[in-house]
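Comments concern the structure below.
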Amino acid sequence: MKNTPIVRTLTLGLLIGAFTAPPVLAGHHEGRELLERVAAKVGSYADLWAMKDVEYTYTYRDNATGTSDVSTERYLFDGELSWAKYTTHEKFIFPGVEGTPVQGWDGKTAWVTLDGKPVTDEAAVGLAAFMRPTNFYWFAMMQKLLDPGTIHTHKGQRAYKGVEYDLVELKFDVPEGTPADIYLLYVNPKTHLIDAFLFTVVDFGLIDEPFLMEVEYETFGKVMLPVTRRYTPSSWEGEVPADAVWVDEIMQNLKFDNGFTPNDFAPPPAAVSGDLKLIFDGC
């Protein structure tokens, strides 16, 4: 997922060769043409950028373990800056630790505080360097499908839940040898919305099989955003077991044009004047 600072190259070049999609059928639209129709339906990144910034409540719920992370998320669209304060942190963010964690990404530096004090743990800061751009990408993904550096390939069709979807493979133009996520998008030929997609996550060793994500949208001005998402492990054929347990991702209480500035995403002074372990320039 990526085009600015961290082009979501949090992806799996290793899996690219493992996926055998149906052959492209003659007469069908090319991948970019399909995604241009999606962009016309959900709004462009320029439409999102015009809304300046957003604040919302984000719930990540792992139904397999019964644990959740709940955060107030803030993004500044100019520069794709990202900040979050966690009111519940049971899954990824300091599970079992008392206090209020805050993560930030100012476009160059990832940083973390706990109850206002800078955190020097490299794993915690590395997680922030992954999660801050990643959470932004999930939020704005549908407006970023045609970002510079994205490669789109039509992969034929596939039936899923009674709909014959056009498949579009989305990859990223990154230096050879650099791992990058890969997506297989299910484009609804009637609504021109992406109802589901397969994706990989390169970081943290999640490299064996893709996940299947399903999404539902809500409209805000000129843009449609995937406010309800759920995902589960899958095969590249999009098959999940009947007893699959899903992870829920929910965005609520979205408020735009809050007047955020880059200073609101800057690391605390101690994080840039002391221990260099606090600074991770990218993922």
Side-chain angles (χ1 to χ4, degrees), residues 1-10 35-60 69-87 93 100-113 116 128-150 170 172 192-194 215-229 249-269 271-272 281-283:
M1 307 171 187
K2 245 174 152 167
N3 93 306
T4 54
I6 308 189
V7 187
R8 172 117 163 116
T9 59
L10 311 165
L35 296 190
E36 286 173 349
R37 292 189 176 190
V38 173
K41 183 66 176 286
V42 302
S44 67
Y45 192 77
D47 294 326
L48 184 65
W49 191 88
M51 301 169 79
K52 298 182 180 179
D53 61 48
V54 68
E55 178 180 278
Y56 69 95
T57 301
Y58 173 56
T59 300
Y60 179 100
D69 286 334
V70 181
S71 57
T72 297
E73 300 270 330
R74 295 175 179 172
Y75 309 143
L76 183 63
F77 302 145
D78 186 2
E80 302 188 1
L81 311 188
S82 176
W83 176 99
K85 177 186 288 186
Y86 287 84
T87 54
I93 315 300
T100 301
V102 174
Q103 293 179 334
W105 168 255
D106 69 352
K108 295 181 180 179
T109 298
W111 54 270
V112 183
T113 63
F130 171 78
M131 291 188 67
R132 289 299 91 224
T134 297
N135 281 18
F136 179 89
Y137 187 87
W138 287 133
F139 172 87
M141 174 182 171
M142 300 306 169
Q143 284 72 43
K144 292 174 63 62
L145 297 173
L146 298 174
D147 274 357
T150 53
L170 173 66
F172 302 92
H192 307 303
L193 292 176
I194 294 170
V215 302
E216 296 180 5
Y217 297 84
E218 188 172 338
T219 301
F220 303 88
K222 294 181 179 181
V223 303
M224 298 179 69
L225 298 172
V227 296
T228 302
R229 308 185 297 269
E249 297 182 271
I250 303 167
M251 303 192 303
Q252 297 172 298
N253 306 318
L254 284 79
K255 301 175 183 177
F256 296 89
D257 197 3
N258 299 278
F260 299 143
T261 71
N263 288 337
D264 296 315
F265 301 84
V272 295
D281 288 333
C283 299

Validation row: [X], [Y] side chains within 4.5 angstrom (heavy atoms):
X	Y	answer
Tyr86	Val102	no
Tyr75	Asn135	yes
Thr219	Met224	yes
Phe136	Leu76	no

How many angstroms lie between atom [atom1] of [X] and atom [atom2] of [Y], to the nearest 0.5 angstrom?
X	Y	atom1	atom2	result
Trp83	Phe265	CH2	CZ	8.5 Å
Arg229	Glu249	CZ	CD	4.5 Å
Ile93	Gln103	CD1	CD	4.0 Å
Phe260	Lys52	CZ	NZ	13.0 Å
Lys108	Leu81	NZ	CG	11.0 Å
Asp69	Tyr58	CG	OH	8.5 Å

Quick check against the 3.5 Å criterion: does [X] have a side-chain atom that pairs as donor or acceptor with the backbone of [Y]?
X	Y	result
Tyr45	Leu146	no
Asp147	Thr150	no
Gln143	Val42	yes
Asp53	Gly259	yes

Stepwise side chain to side chain contact (heavy atoms under 4.5 Å, CB included) check, Trp138 with Val215: CA-CA 11 Å; Trp138 287 133; Val215 302; over 6 Å; no
Checking side-chain hydrogen bond (donor to acceptor under 3.5 Å, both in side chains) against Ser82, which of Glu73, Arg74, Arg132 comes through? Arg132
Tell me the closest heavy-atom pair linking [X] and [Y], and the distance in Å.
X	Y	answer
Ser44	Val223	O-CG1, 4.3 Å
Trp111	Ala128	O-CB, 4.0 Å
Tyr137	Lys144	CD1-CE, 3.8 Å

Does Lys41 have more than 12 heavy atoms from other residues, nucleotides or ligands lying within 6.0 Å of its NZ? yes
Can you confirm whether or not the ring centre of Phe139 sits under 6.0 Å from the ring centre of Tyr56? yes
Who pairs with Glu216 by salt bridge (charged side-chain N to carboxylate O under 4.0 Å, His left out), at least two apart in sequence or on another chain? none
Could you please spell out the steps behind the side chain to side chain contact (heavy atoms under 4.5 Å, CB included) verdict for Phe220 and Leu48? CA-CA 9 Å; Phe220 303 88; Leu48 184 65; over 6 Å; no
